[in-house]
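Step one of this worksheet: look at the structure below.
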Amino acid sequence: MSATANVTKLDFYEVLSVSRDASDAELKTAYRKLAMQYHPDRNPNNPAAEEQFKSCSEAYQVLSDPERRAAYDRYGHAAFSGGGPAAGGPFGGGGFSGNPQDLGDIFGDLFGEMFSGGGGGGRKTSRVQRGRDVRYDLTLEFEEAVFGKEREITVRRLDVCGECKGTGAAKGKAPITCTQCGGRGQQRFQQGFFSVARTCAVCQGTGTLIVDPCQVCRGETRVAKEHTISVKVPAGVEQDTRIRYGGEGEAGKFAGPAGDLYVVLKVKPHAFFERDGDDLHCVLPISFPQASLGTEIDIQTLDGAESIKVPEGTQSGREFKLRGKGVPHLNERGKGDLIVEVRVETPSKMTKQQRDLIRQLGETMTVNNAPHARGLFEKVKEIFS
Ligand SMILES: [Zn+2]
Ligand SMILES: [Zn+2]
């Protein structure tokens with residue numbers, strides 16, 4: 001009992017992580033939480049958890065009793081050890097030698113059937129498990145994401161074994177009752193003052209054993225198979241859009257429900273267009289004469305040719321919006337816009353003639369090299385877009 005004696009030296013309020021003026025309800029909540037966490041049934045072969053469980057149980061047993069709590073508040077642990085006023089009480093000797101009946105009451109109250117000492121037969125674990133979800137990354141061309149596309153994908157996943165239909169047993173051989181636990185799925189162990197139910201290690205708590213496993217799946221109940229699935233990519237999907245196909249994931253063990261298939265869309269970049277939500281952006285180089293004198297430029301959008309009227313005196317960076325020439329809204333009517341930003345290109349390789357012409361032009365122009373007020377350029381862009 002020496003380990004337990006050490007544990008009892010911890011402050012009961014600290015053990016339950018409550019304040020000294022915690023109400024009965026707060027105590028109960030705190031205790032319930034801890035006891036659930038450290039309950040031996042949930043922590044098999046974990047002595048540390050068992051100690052935690054014991055100390056929180058002890059703390060709760062004292063603090064939930066008004067008389068004992070008052071004594072503890074006044075005298076601390078001494079209240080329950082050899083020399084204290086309450087000597088001879090259930091905690092006499094400092095160890096947790098309290099009578100199991102009291103504990104049973106607490107547990108019966110808190111856990112109902114879960115408590116191993118209260119309710120007789122333990123609960124059986126079901127072999128049946130839901131299958132895992134399966135993820136498939138599907139890479140799309142930029143246009144496929146914009147306009148939608150039907151694509152076939154091949155998914156490798158675990159399917160219910162056709163031979164045993166998910167029972168795991170060979171044809172005509174049913175599972176037998178577990179010889180270790182007699183079909184209860186649990187085994188009881190006496191641990192100090194309380195009895196602990198542990199999941200039967202032989203049958204994993206299911207209460208049955210498969211002695212003649214299916215030859216095809218070796219008792220696993222599932223086999224890997226490839227499936228071709230037609231994926232309907234709707235128009236307007238984006239990078240990382242997920243499409244869920246319920247029940248198209250991994251089959252569950254022992255014919256449990258299947259998981260889901262998530263097709264995660266990856267979109268390749270486009271050579272010219274960049275997406276911003278449902279708007280498309282592109283940069284269009286224009287020459288200085290085009291920007292100065294104005295022009296009309298044909299551009300190839302994702303759905304057909306369009307022309308842009310560049311007015312006289314267009315500044316570099318000006319944006320032109322082509323309404324409804326962007327990406328269709330996903331699952332909605334309408335489309336985003338295409339925004340074309342023009343960039344005036346400064347000629348860098350010029351003939352002598354061009355150089356002379358530009359020099360002549362320069363001589364006719366008044367130049368103002370004073371810096372722009374900050375933000376002016378952005379304002380200009382706003383006005384024009
Ligand atoms: Zn099988
Ligand atoms: Zn068993």
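All ligand and atom numbering here is 1-based and tracks the order in the structure. Predicted model, so just to flag it, every value in this text is computed and none were measured.
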(message) As an exercise, state the distance from CG of Leu16 to SG of Cys56, rounded to the nearest 0.5 Å.
(response)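 If we round to the nearest 0.5 Å, Leu16:CG and Cys56:SG are 6.5 Å apart.
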(request) State, to the nearest 10 degrees, the angle whose vertex is the Zn ion (ligand 1) and whose arms point to SG of Cys214 and SG of Cys164. (result)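 That angle is 120°.
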(message) Using the Zn ion (ligand 1) as the vertex, how large is the angle between SG of Cys217 and SG of Cys161, rounded to 10 degrees?
(response)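 With the Zn ion (ligand 1) as the vertex, SG (Cys217) and SG (Cys161) sit 110° apart.
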(request) Tell me whether the centres of the aromatic rings in Tyr72 and Phe12 are closer together than 6.0 Å. (result) yes
(request) Measure from the ring center of Tyr31 to the ring center of Tyr60 and say whether it is less than 6.0 Å. (result)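 Tyr31 vs Tyr60: aromatic centres under 6.0 Å.
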(request) Please work out the angle at the Zn ion (ligand 2) defined by atom SG of Cys203 on one side and atom SG of Cys200 on the other, rounded to 10°. (result)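 That angle works out to 100° after rounding to 10°.
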(message) Within rounding of 10°, what is the angle whose vertex is the Zn ion (ligand 2) and whose arms end at SG of Cys181 and SG of Cys178?
(response)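 The angle at the Zn ion (ligand 2) comes to 110°, rounded to the nearest 10°.
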(message) I'd like to check Leu63 versus Tyr13 (side-chain heavy atoms, cut-off strictly below 4.5 Å). Are they in contact?
(response)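 Heavy-atom side-chain distance check passes, below 4.5 Å.
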